[in-house]
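Below is one structure, written out as structure tokens, with a few remarks after it.
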Protein chains: 4
Amino acid sequence: MTDSRILSNVKDAELVEKRRSQMIKGAITLFKEKGFHRTTTREIAKASGFSIGTLYEYIRTKEDVLFLVCNAIYERFRERLEAAIDWNSPPVANLKRVITAYFQLMDDMQEEVIIMYQEVKSLKKETREYVLTKERDMVSMLENVMVTCLPASSSRQDATLLANNIFVQGQMWGFRRWMLQKQFTLETYIERQIHYVLQALAIADPGQAAAQTD
Amino acid sequence: MTDSRILSNVKDAELVEKRRSQMIKGAITLFKEKGFHRTTTREIAKASGFSIGTLYEYIRTKEDVLFLVCNAIYERFRERLEAAIDWNSPPVANLKRVITAYFQLMDDMQEEVIIMYQEVKSLKKETREYVLTKERDMVSMLENVMVTCLPASSSRQDATLLANNIFVQGQMWGFRRWMLQKQFTLETYIERQIHYVLQALAIADPGQAAAQTD
Amino acid sequence: MTDSRILSNVKDAELVEKRRSQMIKGAITLFKEKGFHRTTTREIAKASGFSIGTLYEYIRTKEDVLFLVCNAIYERFRERLEAAIDWNSPPVANLKRVITAYFQLMDDMQEEVIIMYQEVKSLKKETREYVLTKERDMVSMLENVMVTCLPASSSRQDATLLANNIFVQGQMWGFRRWMLQKQFTLETYIERQIHYVLQALAIADPGQAAAQTD
Amino acid sequence: MTDSRILSNVKDAELVEKRRSQMIKGAITLFKEKGFHRTTTREIAKASGFSIGTLYEYIRTKEDVLFLVCNAIYERFRERLEAAIDWNSPPVANLKRVITAYFQLMDDMQEEVIIMYQEVKSLKKETREYVLTKERDMVSMLENVMVTCLPASSSRQDATLLANNIFVQGQMWGFRRWMLQKQFTLETYIERQIHYVLQALAIADPGQAAAQTD
DNA sequence: CATGAATGAGAGTTCATTCAT
DNA sequence: CATGAATGAACTCTCATTCAT
């Protein structure tokens with residue numbers, strides 16, 4: 001599990017794992033509060049519960065911390081989304097459940113979403129691309145579920161685009177709550193967005209109810 | 001025109017206008033390249049064509065530059081979007097035209113979109129809120145056009161939500177081109193997204209053709 | 001009257017005189033408030049009622065302003081002290097009157113005293129020495145009056161030293177009022193200090209009253 | 001000993017003590033030479049024997065250095081003055097010894113006196129007041145000794161005023177040597193000033209000799 | 001493996017002075 | 001003679017990173 005892309009002086013893999021967990025936890029708290037650039041390595045060390053010297057035993061540069069944080073966040077995203085998929089349930093019910101789970105995830109972790117959005121650019125090209133791969137994976141998960149609901153009249157492209165649409169609409173909820181919450185609760189927001197997707201897929205949405213009604 | 005929210009030592013309003021234009025131009029180039037935090041005030045001065053001392057004759061702090069830049073970008077967005085609206089044309093045609101114009105705008109100015117998204121947070125609360133007001137204005141423009149296409153069966157909420165959806169889908173094109181361009185050109189992207197909106201509004205989209213066919 | 005030690009681009013002597021008066025007035029206000037180093041040339045120009053460009057038509061450097069101010073202050077000191085001397089009145093009465101006048105002067109102009117004390121050092125050696133000459137002149141005035149009261153038993157040195165004592169005790173009142181005013185009014189302070197001087201000169205001080213009673 | 005009013009990043013109190021000593025030593029040399037405002041933090045760091053970064057590990061702002069310096073100077077003053085007091089010796093002998101010690105102190109440390117006088121104003125109100133307390137303490141020490149010599153005919157006010165007079169006369173020697181040294185050596189200066197004080201206290205000064213004759 | 005003192009390049013900002021108009 | 005925009009050296013302070021203990 002320990003990310004070997006980030007070099008560490010310490011050899012004990014278990015310890016590296018543990019220290020990096022502390023680091024990620026501390027750093028996320030700080031990044032939420034003040035962003036990557038306004039957070040100092042000293043603060044990260046302190047919030048992680050060890051000294052600045054120790055911090056640098058487990059990373060090479062400050063950017064490494066950002067990478068670890070971004071990676072950890074995506075890992076959490078992926079895990080939770082994966083847990084929502086049930087390939088044995090009916091396609092449309094599965095789609096509804098996954099979309100609902102994804103939107104709830106974005107609601108729970110809105111601050112992490114913001115970190116991702118605003119700081120990924122601070123990663124150097126190579127690393128950034130690696131992180132973006134993970135984003136693509138998430139969209140793919142949505143897309144794969146979407147495909148199973150595709151009627152004959154629709155093309156694979158629709159699945160791709162609708163998956164992308166859902167993806168950014170989820171982020172929008174995290175990002176733009178202040179604008180949407182006057183008119184929508186998370187539940188009504190989910191319900192409407194699912195409704196539009198089903199319409200786009202030319203699937204009648206009888207009850208116009210949220211996923212759990214299935 | 002000159003933004004009096006930002007104090008300047010120089011009194012000649014025309015000159016302030018001119019110098020700030022240079023500044024905004026220079027700063028945008030740099031922010032696109034390396035972001036706000038990695039850009040130094042000296043670099044901004046140089047890219048603007050004057051000395052660091054002169055830069056500070058026209059602003060008070062580095063953050064002022066960011067504010068000026070964000071404001072200028074939104075102003076351009078708004079102008080171009082406004083130009084696309086034609087209240088005399090049929091509602092659906094108008095909607096298609098506006099969405100198309102908006103997506104093209106996001107395509108042209110994708111780097112500006114990225115600046116907005118990644119740096120607005122660096123503004124202090126008060127200033128940030130002022131800038132976000134402008135974002136709301138843009139969504140409102142889309143929403144107002146959307147409303148005119150609303151069938152009896154739809155609620156005002158649909159207009160709000162679909163406007164917001166369009167808004168973030170536009171940004172998505174700017175933001176996530178690298179992911180979408182394998183399968184879509186700007187034109188096919190626009191065409192599909194318009195199609196979904198019309199379906200959501202329960203409007204038949206006969207030719208499935210892009211806006212220009214009207 | 002115009003100080004030719006300070007070079008001016010402007011040839012019209014009357015104008016130079018006028019502008020420098022404005023400058024000194026403005027600068028003293030500012031120096032009282034924030035000291036020489038914390039005052040900017042722009043502020044001086046503004047407080048003087050003209051532009052920074054004009055300021056530099058009448059001086060060469062910021063230090064010139066300090067010199068003009070110091071000189072002006074000493075000039076005022078000297079004038080007021082000189083006015084108090086009356087060589088026709090009895091020596092002791094004259095001494096009492098001069099000391100009283102000097103202490104009152106220090107009371108009136110305590111902020112000017114502080115400027116002198118704290119900023120003279122910022123003048124470059126040559127200029128500083130010129131200013132200090134004026135200080136010596138003031139002490140000499142006190143000393144000359146003192147000499148006329150000297151009994152046979154005292155030496156000229158006593159006059160010198162007592163004059164210097166009076167000089168710094170006057171400054172002390174300006175400088176250390178916050179400490180002395182709990183126990184003394186200006187009047188009682190003067191009365192006591194005169195008393196000590198007369199005792200040092202071995203002159204009985206019958207009424208122990210202040211100078212004006214003579 | 002380490003002044004906890006000034007925050008330090010470094011926790012090791014002994015080290016803080018040591019580094020601040022270096023700092024104070026270096027800073028005093030520089031302040032004597034060019035004053036607080038004309039001395040840069042880099043110069044202070046260099047004169048202290050460490051880097052600019054290290055300097056700022058032990059202080060928060062440049063003003064902190066001035067505070068440390070002022071405090072250290074007063075501490076030295078106080079220590080030396082305290083050492084001169086001997087409550088077991090006869091009052092007048094004690095007074096003479098203390099005044100002599102004080103004047104000698106001012107002679108030794110004239111440059112420190114000048115720093116105090118010219119730079120204390122640069123401290124912010126709160127800190128300045130703290131430093132001035134120490135000045136008051138010194139005057140009080142003189143006053144307490146003075147009181148023991150007070151004859152029945154004198155009031156407590158005389159002790160206060162004469163203590164203040166001695167205090168500023170001491171500074172005068174540090175400050176105005178250039179003026180006084182033509183006519184006085186330190187010894188003759190002291191002898192005369194003591195003589196005046198004893199006269200003011202209505203105490204006969206038999207031999208007119210300096211303190212050591214007792 | 002942990003610590004934290006030391007480093008110095010580099011950041012944002014100021015301001016005395018100049019000079020074209 | 002008056003103006004004020006332009007300049008850039010110089011300032012204070014920060015912080016990622018290193019390394020001796």
Side-chain angles (χ1 to χ4, degrees), chain A residues 8-12 15-16 19 37-46 49-65, chain B residues 8-12 15-16 18-19 37-45 49-65, chain C residues 8-12 15-16 19 37-46 49-65, chain D residues 8-12 15-16 18-19 37-45 49-65:
Chain A
S8 166
N9 286 337
V10 177
K11 298 304 163 211
D12 179 342
L15 190 54
V16 173
R19 292 276 181 262
H37 279 106
R38 296 207 196 290
T39 301
T40 69
T41 51
R42 275 170 149 96
E43 287 170 327
I44 295 170
K46 193 172 185 185
F50 37 72
S51 71
I52 182 69
T54 301
L55 181 73
Y56 274 88
E57 290 292 311
Y58 296 93
I59 53 158
R60 279 274 181 276
T61 69
K62 188 186 174 191
E63 211 208 278
D64 285 354
V65 180
Chain B
S8 167
N9 284 337
V10 177
K11 298 296 166 226
D12 180 342
L15 190 56
V16 173
K18 181 181 157 199
R19 292 280 178 262
H37 280 107
R38 295 209 195 289
T39 302
T40 70
T41 52
R42 278 178 162 78
E43 287 170 327
I44 296 170
F50 36 71
S51 72
I52 182 66
T54 300
L55 180 71
Y56 276 90
E57 289 290 306
Y58 294 92
I59 52 159
R60 280 277 184 273
T61 69
K62 187 185 175 192
E63 212 208 279
D64 283 355
V65 181
Chain C
S8 166
N9 286 337
V10 177
K11 298 303 164 214
D12 178 341
L15 191 54
V16 173
R19 292 276 180 263
H37 280 106
R38 296 207 196 291
T39 300
T40 69
T41 51
R42 274 170 150 95
E43 288 170 326
I44 295 171
K46 196 172 183 186
F50 38 71
S51 71
I52 182 67
T54 300
L55 181 72
Y56 274 88
E57 290 291 311
Y58 295 92
I59 52 158
R60 279 277 181 272
T61 71
K62 189 186 173 190
E63 212 209 277
D64 285 354
V65 181
Chain D
S8 166
N9 284 339
V10 176
K11 297 294 168 229
D12 180 342
L15 190 56
V16 173
K18 181 180 156 199
R19 292 278 178 264
H37 280 107
R38 296 210 195 288
T39 301
T40 71
T41 51
R42 275 182 162 77
E43 287 170 326
I44 295 171
F50 35 71
S51 72
I52 181 70
T54 300
L55 179 72
Y56 275 91
E57 289 290 306
Y58 295 92
I59 51 157
R60 279 277 183 274
T61 68
K62 187 186 175 191
E63 211 209 279
D64 284 354
V65 181

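Reckoned from all heavy atoms, side chains included, excluding hydrogens, waters and symmetry mates. What you see is a predicted model; the values in this text were computed from it and never measured. Numbered from 1 within each chain, the chains take letters A, B, ... in sequence-line order.
A distance of 11.5 Å separates CD1 of B:Ile52 from CD of B:Glu57, quoted to the nearest 0.5 Å.
The nearest pair of heavy atoms linking A:Thr41 to A:Tyr56 is CG2-OH, 3.5 Å. Among all heavy-atom pairs drawn from A:Thr39 and A:Glu43, the shortest one is CA-OE1, 3.4 Å. Scanning all heavy atoms of the two residues, the minimum distance from C:Val16 to C:Val10 falls at CG2-O, 3.5 Å. The two residues A:Ile59 and A:Thr61 come nearest to each other via the heavy atoms CD1-O, 3.5 Å.
Nearest-nucleotide positions on DNA chain F for A:Thr41 and C:Leu15 put C:Leu15 closer to the 5' end. Nearest-nucleotide mapping onto DNA chain E: of A:Lys11 and B:Thr39, the residue sitting toward the 5' end is A:Lys11. For the pair D:His37 and B:Asn9, nearest-nucleotide mapping onto DNA chain F gives the more 5' position to B:Asn9.
Within the 3.5 Å criterion, the main-chain N or O of C:Ala45 finds no donor-acceptor partner in the side chain of C:Ser51.
Only C:Phe50, C:Ser51, C:Ile52, C:Gly53, C:Thr54, C:Tyr58, listed by number, bring a heavy atom of residues 49-59 of chain C to less than 4.0 angstrom from any atom of DNA chain F.
Between C:His37 and D:His37, the ring-plane angle classifies as parallel under the 30° and 60° cut-offs.
Here D:Arg38 lies out of heavy-atom contact (under 4.0 Å) with every strand. Here D:Arg42 lies in heavy-atom contact (under 4.0 Å) with a base.
Taking 4.5 Å as the limit, every side-chain heavy atom of B:Ile44 sits out of range of all side-chain heavy atoms of B:Thr40. Within the 4.5 Å cutoff, side-chain heavy atoms of B:Leu15 are placed close to those of B:Tyr58. Here the side chains of B:Arg60 and B:Asn9 are in contact, with some heavy-atom distance below 4.5 Å.
Boundaries of the chain A contact region on DNA chain F are F:dC15 to F:dT18, first to last in 5' to 3' order (nucleotide atom under 4.0 Å from a heavy atom).
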For this session: Let me have DNA chain F in dot-bracket notation, would you? Count Watson-Crick plus G-U wobble pairs, both distances under 3.5 Å, and use [ ] for pairs crossing earlier ones and | for inter-strand partners.
Result: .||||||||||||||||||||
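If you take CD of C:Glu63 and P of E:dC15, they are 18 Å apart, rounded to a whole angstrom.
Between B:Arg38 and A:Glu63 there is no salt bridge, since no side-chain N of the basic residue sits under 4.0 Å from a carboxylate O of the acidic one.
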